[in-house]
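Order of listing sets the numbers, starting from 1, for every ligand and every atom in it. Just so we're clear, the structure is a prediction, and the values are computed from it rather than from any experiment.
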Amino acid sequence: MIRDRDLIAALAETVRRFVRERLMPAEAQVEDENAIPQGIIDDMRSMGLFGMSIPEPYGGLGLTMEEEALVALELGYTSPAFRSVIGTNNGIGAQGIILDGTDAQKSYWLPRMASGEVVGSFALTEPDVGSDAASVKTTAVKDGDSYVLNGTKRYITNAPVADVFTVMARTGAAGAAGVSAFIVPADSPGLSLGPVDKKMGQRGTRTCDVMFDNCRIPSDALIGGREGQGFKTAMKVLNRGRLHIAAVCTGTAQRLCDESVAFARSRVQFGKPIAEHQLIQAMLADSATETFAGRSMVLEAARMFDAGERIIQQAASAKLFCSEMVGRVADRAVQIHGGAGYMQAYPVEHFYRDVRLFRLYEGTSQIQQLIIAREMLNA
Ligand code: COS
């Protein structure tokens with residue numbers, strides 16, 4: 001749902017200009033330094049991007065899912081690390097509080113996240129728990145007015161810069177019903193971070209382990225004030241997150257199409273630009289068609305989300321299709337670039353590595369297939 005077409009068109013246009021004038025020129029620097037320049041983070045803060053999906057009463061822009069998807073399509077056009085700076089505050093780091101938090105939790109944390117003063121992060125995955133998210137082993141044991149957390153979370157996006165974590169931990173028996181979600185400030189005693197992970201791509205986005213060693217937090221840190229709701233909170237957060245990721249994938253696919261067209265026009269072989277060779281045209285056409293399909297799918301699923309429909313299947317389908325699709329588009333982009341595509345001097349080289357993650361996080365492609373089939377069979 002788009003509430004005010006002119007307003008959202010203006011926001012998307014502002015983000016498009018920011019991406020082209022500010023972010024794209026910094027892509028090589030981010031690759032080299034594995035960090036986002038502080039000036040860019042400050043600009044994102046002043047544009048309100050940290051709070052684009054946080055409701056207006058809490059200081060955010062309160063974008064609907066369709067509006068958020070339109071912005072994510074723009075942000076996807078550049079290195080994914082830039083989007084990750086604000087990704088957790090709008091997505092998995094804040095949505096648990098937005099969806100299921102108490103009024104006090106929302107009033108305290110959301111304005112701080114919306115302004116970018118506080119960076120949020122989402123801690124579900126563990127060394128032995130990934131796809132089987134209901135099996136979290138990190139424990140939270142009630143002790144008077146506190147909970148005491150013990151365990152390790154793994155590959156946690158933005159953990160090295162996070163001020164607060166949404167942590168899924170076990171308060172009850174085995175399975176989904178024994179999982180609760182907590183808001184854990186990064187400076188809680190007993191919380192420590194592992195070394196920054198060395199990854200295949202998405203340089204500039206930092207992940208690391210988060211360890212809890214008798215980490216004591218007040219009992220009002222329990223999201224929603226009710227035990228046993230954490231798995232459902234996490235799943236609802238991921239429904240929305242998967243649509244967002246699908247939009248980012250599609251934005252990246254558009255960038256790869258544009259890079260491919262530009263290269264194909266300028267590269268001359270057999271006496272003419274390779275764009276005039278039909279085998280190159282076939283790859284361009286396939287990539288453009290798939291990108292259009294992704295865009296259509298994301299926006300339709302986002303509209304359904306805004307209409308309050310059950311979109312578990314559609315979110316999983318969009319994530320599955322768009323993450324696999326951008327992998328194919330990146331592969332063709334490298335192919336069209338030929339040897340140049342293997343060189344770091346051309347952006348398609350890092351996008352080829354960057355997009356690999358989209359098929360893994362927020363649920364692998366195989367998990368999306370399981371979710372889609374379950375929804376079909378249980379209907
Ligand atoms: N949206 C809303 N609610 C959901 C849901 C979803 N997508 N998926 C499950 N639930 C609810 C169920 O309705 C059920 O509620 P009831 O107890 O009231 O019936 C509850 O959560 C437990 O669900 P279920 O029994 O289906 O749990 P499973 O262990 O079978 O879930 C999957 C299996 C694969 C769906 C789940 O573990 C999953 O999504 N894994 C991937 C996790 C992931 O994306 N990890 C990446 C790390 S985060 S970057």
Side-chain angles (χ1 to χ4, degrees), residues 65 80 83-84 87-96 98-100 120-138 151-159 162 165-181 197 199 202 205-210 223-224 226-246 248-249 301 304-305 308-320 322-324 356-379:
M65 192 65 233
R83 199 267 336 166
S84 271
T88 47
N89 271 33
N90 288 295
I92 55 179
Q95 286 296 329
I98 295 172
L99 292 169
D100 288 338
S121 181
F122 181 77
L124 172 62
T125 300
E126 298 182 356
D128 297 325
V129 176
S131 294
D132 185 6
S135 292
V136 290
K137 291 183 176 162
T138 295
T152 298
K153 296 291 178 178
R154 181 140 291 174
Y155 310 142
I156 303 305
T157 301
N158 280 346
F165 296 91
T166 300
V167 179
M168 264 52 68
R170 183 159 304 285
T171 47
V179 178
S180 301
D197 299 317
K199 306 191 291 345
Q202 300 220 0
T205 305
R206 310 272 186 96
T207 70
C208 70
D209 281 6
V210 182
I223 291 186
R226 280 170 64 207
E227 289 188 4
Q229 297 301 307
F231 181 79
K232 283 190 200 172
T233 299
M235 290 300 116
K236 288 187 278 181
V237 166
L238 288 171
N239 289 337
R240 187 180 176 118
R242 286 166 184 159
L243 280 179
H244 179 97
I245 295 296
V248 173
C249 290
M304 291 172 71
F305 182 100
E309 292 179 43
R310 183 182 172 93
I311 51 80
I312 294 174
Q313 181 179 337
Q314 287 73 16
S317 291
K319 161 76 162 62
L320 171 65
C322 294
S323 62
E324 295 280 338
R356 191 63 184 82
L357 182 58
F358 294 135
R359 289 155 63 186
L360 305 173
Y361 72 177
E362 301 204 18
T364 61
S365 291
Q366 289 66 35
I367 286 295
Q368 310 309 329
Q369 288 173 317
L370 287 185
I371 293 170
I372 295 162
R374 279 184 6 166
E375 287 290 301
M376 293 166 73
L377 296 168
N378 293 338

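Residue contacts with ligand 1 include I312, since one of its heavy atoms falls under 4.0 Å from the ligand. Residue-ligand proximity: Q368 is placed with every non-hydrogen atom at 4.0 Å or more from ligand 1. Using a non-hydrogen distance threshold of 4.0 Å, G130 registers as a contact of ligand 1.
Residue T125 has at least one heavy-atom neighbour below 4.0 Å for each of these atoms of ligand 1: 47 (C). For ligand 1, the atoms sitting less than 4.0 Å from at least one non-hydrogen atom of A134 are 29 (O), numbered in the order shown with element in parentheses. Residue A133 approaches ligand 1 through these ligand atoms, each under 4.0 Å from one of its heavy atoms: 37 (O), 42 (C).
Looking at M235, K236, E362, it is M235 that brings a heavy atom closest to atom 9 (C) of ligand 1.
Checked for salt-bridge contact, R154 and E126 miss the test: no charged N lies under 4.0 Å from a carboxylate O.
Only the side chain of N239 comes within 4.0 Å of ligand 1, counting heavy atoms alone; its backbone N, CA, C and O stay farther away.
Within a 6.0 Å sphere centred on CZ of F305, other residues, nucleotides and ligands contribute more than 12 heavy atoms.
Applying the side chain to side chain donor-acceptor pair (under 3.5 Å) rule to D132 yields the partners S135; only residues at least two apart in sequence or on another chain are considered. With sequence neighbours excluded, no residue forms a salt bridge (Lys or Arg N to Asp or Glu O under 4.0 Å) with R374.
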Stepwise side chain to side chain donor-acceptor pair (under 3.5 Å) check, D209 with T152: CA-CA 7 Å; D209 281 6; T152 298; 5.9 Å; no

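Protein heavy atom nearest atom 18 (O) of ligand 1, with residue, atom name and distance: K232 NZ, 2.7 Å.
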